[in-house]
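These notes are about the structure you will find just below.
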Protein chains: 2
Amino acid sequence: MGIRAIERAMRVLQEMNLQPYTSISHLHKRTGLPKPTLVRILKTLEEAGYVENDPRLGGYQVSALVSSLSSGFHKEPMVVEAGRPWAIAITRKHQWPVSISLLDRDAVVVRFSTVPDSSMSPFHKTVNMRLPLITRGMGLAYLAFTAPEEFRLILDILRKSDDPEDELAHHPEQVLRRVERVRELGYATRSPHVEPRNSNTIAVPILNDDGRVMASLGLTYFTSAFGSEAEACEQYAPVLKAAAAQISRDLKRLSASPLT
Amino acid sequence: MGIRAIERAMRVLQEMNLQPYTSISHLHKRTGLPKPTLVRILKTLEEAGYVENDPRLGGYQVSALVSSLSSGFHKEPMVVEAGRPWAIAITRKHQWPVSISLLDRDAVVVRFSTVPDSSMSPFHKTVNMRLPLITRGMGLAYLAFTAPEEFRLILDILRKSDDPEDELAHHPEQVLRRVERVRELGYATRSPHVEPRNSNTIAVPILNDDGRVMASLGLTYFTSAFGSEAEACEQYAPVLKAAAAQISRDLKRLSASPLT
DNA sequence: AGAGGCGTTTCGCCAGGCGGAACGAACTTG
DNA sequence: CAAGTTCGTTCCGCCTGGCGAAACGCCTCT
């Protein structure tokens, strides 16, 4: 059980949002709270600026400031919503953690991760990790499937980066070679020289109905669990590709739904 | 000073809306609250459903339910915003209370009133009063200036009313006679047989730039303060008309403003 | 004039909310 | 690899904050 006064205040505030103005008597009927209690709560909310009690406008009403209590809420990206169950399913079946990343300027950022669901994770947590686009599997899987104009734009941005992992942006022909290879294979992995070396990530792109890349889906494993990277890729790349295709279909269905 | 725990919870919730996810450490830095306190507040908000702490998504974040804390907030109608200072000014100068009403289905509703600013008010409060369209000055001033199609629609609605003050809707020719008279005069007053008889209201329409009626503006006085209704109308009808014209201009300016 | 309802204030009560200290886990640094 | 630092959480004694029944003043209605 939490702090009683806070629970009550939220209940009162929620109730006040159900009609343009309200009275002590009405709130008493709706919430069951004693009137002296309501008066104290409303006085607190009024002094903090969330409530107004101007007789010119009728009883108590919520003020503009209540917007600040919800302005930061944004529904999660649909691709995360679509991908979540598939990521969880793969971790349940194969134990290794799976994550979904989205582009954020010059890197991808992990927006969902099943690390907490996995008992064999090389990392404690990966959500919110910012992963470079050239050297990390999650980043390269995204970059490789961007449209040509977007690809060039991103390369321009990377050239201005001071992150050593973006250094290769100054050698576009090398980046192009990697990108072509990834497009051939349909998946990307971490560059061999990049730490930590006791783990690796295999990643694939998630495309939308128009064939535009929306996110990357990756599985991370301990390198010691496999004889070679090729062995791991042979086993998991098909699993990730199939899941990404399913996520694309679910994403299309979600986008068409009137409830979103 | 209000309830301390409530003030703190609102402060934490506001801070959480400033970034997609946050941590105990970050909230401690931003609010100065001790970490055990923050943990208790967040636990309370989480149990109530306003906050989520899913490690798959990164730190603490606000949930969809915070929308219910602000969903009822709506900016007041612009015509009230525009009209408020003029209403207050008239009450300051002439003592009598002035109000602004807007259409709500088959009646007008007082959305703003300077009763609290007047020492000579026949009523304790009038905000939220629902005034019939045919028999009350505020209602008739609105009805008389509606467009023909809207007028017919409203008359249809009034015919279905069981309010005795709407009875005249069954005699359209009588309503039309009243309406024509009001359009001639440019103002309306309360029907003589309607209580309370110790007071009366003179009302004029507030039109927008297109000439559509947006609201009515009315002044209420004690009938005993004047020798006749004609005397009161002669004194205050011009004042109300001038104010309504100014409100129309202010409304136009507000509508053009990018900040609204 | 009296009854009923409204919003507000009072005040004694007691347990709720507090925060420093301590703890375990994870990360960073040398 | 060990030590130090930081994080999030739990503990627990303290004390005053939040509580609500009762009372009050005002307004409305009959």
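Each chain gets a letter, A, B and so on, in the order its sequence line appears, and its residues count up from 1. Everything numeric here is computed off the predicted structure, so don't read it as measured data.
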Exercise. Are the charged groups of B/R11 and B/E7 less than 4.0 angstrom apart, N to O?
Worked result: no
For this session: Identify the residue among B/D166, B/D106, B/D163 that makes a salt bridge (Lys or Arg N to Asp or Glu O under 4.0 Å) with B/R130.
Result: B/D106
For this session: Please determine if a side-chain N or O atom of A/Y60 lies less than 4.0 Å away from the OP1 or OP2 oxygen of C/dT8.
Result: yes
Exercise. Roughly, in whole Å, what's the span from CG in B/L27 to P in D/dC7?
Worked result: 12 Å
Atom pairs, N/O to N/O, protein against nucleotides 20-24 of chain D, distance under 3.5 Å?
| residue | atom | partner | partner atom | Å |
| --- | --- | --- | --- | --- |
| D/dG20 | OP1 | A/R4 | NH2 | 3.3 |
| D/dG20 | OP1 | A/R8 | NH2 | 3.0 |
| D/dG20 | OP2 | A/R8 | NH1 | 3.1 |
| D/dG20 | OP2 | A/T37 | OG1 | 2.5 |
| D/dG20 | N7 | A/R40 | NH2 | 3.3 |
| D/dG20 | O6 | A/R40 | NH1 | 3.2 |

For this session: Give the rounded distance in Å between these two atoms: NZ of A/K35 and P of C/dT10.
Result: 18 Å
Problem set entry | Residue A/K29, side-chain atoms from C-beta onward, closest of C/dT8, D/dT9, C/dC6 | C/dC6
Problem set entry | Gap between atoms CD1 and P, on B/I41 and C/dG16 respectively (whole Å) | 17 Å
Problem set entry | Check: A/G49 main-chain N/O paired with A/S63 side-chain donor or acceptor under 3.5 Å | yes
For this session: Could you check B/L102 against B/V80 for side-chain contact (heavy atoms from CB on, under 4.5 Å), going step by step and ending with a plain yes or no?
Result: CA-CA 9 Å; B/L102 275 71; B/V80 172; 4.1 Å; yes
Seminar exercise, completed: Rounded to whole Å, CE of B/M129 lies from C1' of D/dC27 at a distance of 14 Å
For this session: Would you confirm whether B/T37, through its side chain, and B/L33, through its main-chain N or O, come within 3.5 Å as a donor-acceptor pair?
Result: no
Exercise. What is the distance from NE2 of B/H28 to C1' of D/dT5, rounded to the nearest Å?
Worked result: 15 Å
Exercise. What integer distance in Å separates A/I3:CD1 from C/dA15:P?
Worked result: 18 Å
For this session: Ignoring backbone atoms, establish whether A/S25 has a side-chain N or O less than 4.0 Å from OP1 or OP2 of C/dG5.
Result: no
For this session: Indicate the atoms forming the closest heavy-atom contact of B/N17 with A/S70, along with that distance.
Result: OD1-C, 3.2 Å
For this session: Describe, in one word, how the ring planes of B/W96 and B/Y221 are oriented to each other, choosing from parallel (under 30°), tilted (30 to 60°) and perpendicular (over 60°).
Result: perpendicular
Exercise. When the C1' atoms of the five terminal pairs at each end define the local axes, what inter-axis angle does the helix from C/dA1-D/dT30 to C/dG30-D/dC1 show, to 10 degrees?
Worked result: 40°
Seminar exercise, completed: A/L42 atom CG is separated from C/dT9 atom P, nearest whole Å, by 13 Å
For this session: Taking all heavy atoms of A/I134 and all of A/E165, pick out the closest pair and write down the distance.
Result: CB-O, 4.1 Å
Exercise. Does B/Q61 reach the side chain of B/V51, with side-chain heavy atoms less than 4.5 Å apart?
Worked result: no
For this session: Could you tell me the separation between the CD1 atom of B/I24 and the P atom of C/dA26, rounded to a whole number of Å?
Result: 17 Å
